[in-house]
Every structure is written in C-alpha cells, then in structure tokens.
Amino acid sequence: AHPHFSQNENFALVQNGIVENYQELRGKLKTKGYSFHTETDTEVIVRLIEENLKQTHNLKEAITKSFNELKGRNAIVVINKENKTIYAARNGSPLMLGIGDNDFILASDPSPLLKHTKQIIFLDDHELVTLGDNYQIHNLTTNQQIQKEVQTLTWDVEQAQKGNYEHFMLKEIMEQKHTLAQAIIQDPELIKNIAKEINLAFGVYAVGCGTAGKVCLAGTYAFSEIAKKHINFAFGSEFPNFHHFIQSRSLLLVVSQSGETADTLEAMQTVQEKNGKVVSLVNVMGSTIMRKSDYSLLINAGPEIAVASTKATTSQLALTILLAYACAGRYEDGLALLKQTAQEVTLMLNNQLQENLKKLAQQIKDRNDLYIIGRGANYPMALEAAIKIQEVSYIHAEGFAGGELKHGPIALIEQGTPCLALIANDETKQDMLSNTIEIKSRGAYIIGVSPENNEVFDYWIKVPDVGIA
Ligand code: F6R
C-alpha cells in the first residue's frame, strides 16, 4: 500500500508505525475538503502534510509540523519530486541512515544496509534527517541541527546473505553451530559487575517481547535454580502496569534481538523515569536499547534476517544462564557448561537431523492443531516452540505447562493430534512422563524431545543433555 502520493504527486511518503490519532486528524482534514482514497493512517499523514504545506510553503517545515502532530510510534520517509530531497523522521519506530560512498540509504534495521555500507547513524526519537548531496539531522522539537556519531557495523556482508541455504531461517538455525560459542565470549569483568548490580538491586524484572519474552521467562527459572534468586518476568507491553513497584533500586534486565522494539523501550522508560537501572542483552550494536542501557551485552549472533528468531534466542538464553551463574559467584562453572553445550549443539545440527525432521513435518503438516508441553524451564520453551510453529507453518499451536494441561486444555486433544513433549533429564522428568501418558491416552501423537527415548513416544527427537554445573 506504500508509497502514498500527494494529490499533485509532488511528494510521496512511506510509513512504519501506527498513527493513533488518525481518525481525529482524518475528520479534521475531511471538514477542510480533503477526500481519502484509502482507510490507511498513512494517507492521513500525506494529507496533513499537504494541509500544513499551504501555510508553511516549505515541505521540510510542513513535515516537521505534521510529524509533531502525530500520536503513536512512527517513522516516515518523504521524497520530494522537485528537488529530489528525501526527509525521514522518527518517533518510536526504528530508523537508521546508511552512509555509502555515493549514496544514503534509510532502513528500519541494519541488515539490509550491510550489502551497501557498514557506516550507520542510528536516529533517535524526534529527529529528522534531510538527504540531498549530503545529510543533515535536526531535532524536530527545537529545530536545532545535531551532529551524530557514525557507527561502524562489525557484521560481514556474507553474514547477511543466504549462501547455499534455501532460506534464511534454515541458515540461521544452522549458524547455531557457531553463535552459541560466540555469545559467551564476553568481558568477564563486565559480566561480574552486572551480576553485582543484579545482586544489589531491590526487585529485578526480566522484560522482552515475543520470543525475547520467553527467554526472560526462562531466565526466571535459571536464576531461581542457579543463583537461588527471584527475578520477576513481564512482557514489554505489560510491564508498565507494574510501575507501582519500580523505584531507584529496581533493575530491568532487557532482552531484545533488534534493540529497537517499542514495547521494550517503553518498559525501559518506565524504569528510567524512576531512576532504576537497565541491563540489556541485544544483538544489534548501537541500537536504541543498547545506547539507552546502563550496561549492555552483545549476544554476537550476527544479523538475524528471518522473521522468526532462532539463533538469537539461543544466544540470549546462553547469556542469561551465564549471568545467573555470575550472580551465584560461579561464572567459570557457567562458562564451562555453556562451552560444552555449544559443542553438543554443533554435533546435533547435522544433515540426518534435518532429514528426519523433514519426514516428521510431512507426517503432521496437514493437522490443524499442535500442542507443546514442558515443565520448569521447558515451560517457556513450550510457549516459544508454539510461536515458531505459528509464524512459520500457520498451524494453530499452543504451549502449556505440563501440569496445566489436565486443568482444561486436554479436552482439545483428539485422535492423532501431534503433541511435542519437552522432557529434560531433571527432577521434572517423571511428572512430564505422566503428563505425556495422560495426553497419549486421549489419542495424541507424541513427539518426545528428550535426551532419552521412552516407550510413550511415537516419535523421538534426541537432544543432548549437558546437565547443570
Ligand atoms: C518471533 C520473534 C518475535 C521477536 C519480538 C521481539 O520469532 O522474532 O517475537 O522476538 O518481536 O523482538 P526483539 O527481540 O527484536 O525485541
């Protein structure tokens, strides 16, 4: 649906975001005689700029005025046909400027820029960039010109290409052969300092969205078991509801691949407004979350291009576990365990596994529903597995805590319904097996994901067991 053109086609606009007050603005513009061809909020921005242009007679000023009138989280790019100037503004949605040898490129993520340049400026909220022969950045509120640091991406162009893989997600899954080992290459002193902050904090909250949120939930189990420490969990969008408990000694542990997720940034703002501290685990160097954190650790996973997060997730988990060990004063033990895990994962990701999984997928692909169960730290992993299946296969998938299934959802199990049982070799094993037998007796097709086979499984996916240090 983009771009949208002005009525005289003198400028065109693309938008990333949502204009929350678009109905109100649209109503006002209609009374001024504007007609609309679409139901989109994007068209409202274009008409608003046209209206403001009548007063300012200057496109840049009209864009500034209009953008400041928008509520919500938005980034826009406007191109002026007459002088070929491009304007881009940000408030809440990510926007970055790639600086090439002979060109400038705007994007919402660094990955697509890599092919062209590694020199990037991350724009902040309320900033407007003007691109002609050169670039200029202004603050949208004060109109002051701003000098911003140009960051150099450390990623390689090859990392952002598919190579021989059929698609990026497969490539990124296979990259876990290296990414786990890379995630734990960190400055030990920094990790230990962060652990000190976590231990001193009064109320630690692990916050992320979607998959990163599941990592945070898994983190609560890791901290409980390894560091005997209670940390709270909330999804980014839910966290502001807990602002009543936030104070200057609160600490937010933020997890985000992109480092730009708006709900996560809002959670940070909630804590920072009360002078609390923020520690973040991010993948994109120089991203907003990284820049706004008191401490930040890079997960070193390289560009994650597939929509579904895979390698970044396991790297985030590895670092969360390492932090838990550091909080327990056992950083070296954690490091050794994770190194061993990385080796085991490398062995696991072989061609045979891929072939087996393809066959299994053929068997279950026409089912409408799929359920995943897990206990302990495998409960968030069951939720996470469900997200992956939903967004990649479009099959209705849901994750449950093993013990919760009997409290209602078991009614959904039919003859042949595929159910994944994530069974670790730990104290949850026996209970998980009981839960698995319960759903099998309802006719479920059991796919056991476990270090050991079991007669209750109809299909077994073997995973390594590194235990706990
Ligand atoms: C799912 C997925 C999303 C992201 C979420 C947060 O596979 O990728 O759920 O995890 O949008 O994104 P980041 O980690 O960039 O903050």
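One-based numbering, in listed order, for ligands and for the atoms of each.
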Distance filter under 4.0 Å to [X] heavy atoms, resulting ligand 1 atoms:
X: Ala212; value: 10 (O), 14 (O)
X: Gly210; value: 9 (O)
X: Ser258; value: 13 (P), 15 (O), 16 (O)
X: Gln257; value: 13 (P), 14 (O), 15 (O), 16 (O)

- [ ] Would you check if Thr417 and Ile439 make a side-chain contact, meaning some heavy-atom pair closer than 4.5 Å?
- [x] no

Open item on the list: Contact between Val204 and Lys229 at the side-chain level, heavy atoms closer than 4.5 Å - yes or no?
Closed with: yes

Open item on the list: We want to know whether Gln363 and Tyr445 form a side-chain donor-acceptor pair, criterion being a heavy-atom distance below 3.5 angstrom.
Closed with: yes

Task: Short side-chain to backbone donor-acceptor contact, Lys171 and Gln159, under 3.5 Å - done: yes

Open item on the list: Less than 4.0 Å is my threshold; does some heavy atom of Glu260 fall inside it relative to ligand 1?
Closed with: no

Task: Heavy-atom gap Thr313 to ligand 1 smaller than 4.0 Å - done: no

Open item on the list: Taking side-chain contact (heavy atoms from CB on, under 4.5 Å) as the criterion, tell me which of Leu252, Val254, Val278 meets it with Ser293.
Closed with: Val278

Protein heavy-atom partner closest to [atom] - residue, atom, separation in Å:
atom: atom 8 (O) of ligand 1; result: Val307 O, 3.2 Å
atom: atom 3 (C) of ligand 1; result: Thr211 N, 4.0 Å
atom: atom 6 (C) of ligand 1; result: Cys209 O, 3.2 Å
atom: atom 7 (O) of ligand 1; result: Glu391 OE2, 2.3 Å

- [ ] Please check if the distance between the ring centroids of Tyr331 and Tyr325 is under 6.0 Å.
- [x] no

TODO: Would you check if the distance from the ring center of Phe233 to the ring center of Tyr205 is below 6.0 Å?
DONE: no

Task: Proximity winner for atom 16 (O) of ligand 1, if only heavy atoms of Val392, Thr261, Val254 are counted - done: Thr261

TODO: Give me the ring orientation class for His2 and His4: parallel if the planes are under 30° apart, tilted from 30 to 60°, perpendicular past 60°.
DONE: perpendicular

Polar proximity ligand 1 side, [X] side, N/O cut 3.5 Å exclusive:
X: Gln316; value: no
X: Gly259; value: no
X: Thr264; value: no

Open item on the list: Please report the interatomic distance OG(Ser450) to CZ(Phe457), rounded to the nearest 0.5 Å.
Closed with: 4.5 Å

Task: Protein non-hydrogen atom found under 4.0 Å from atom 12 (O) of ligand 1 - done: yes

Task: Worked check of salt bridge (charged side-chain N to carboxylate O under 4.0 Å, His left out) between Glu197 and Lys192 - done: CA-CA 9 Å; Glu197 293 280 3; Lys192 287 176 189 172; over 6 Å; no

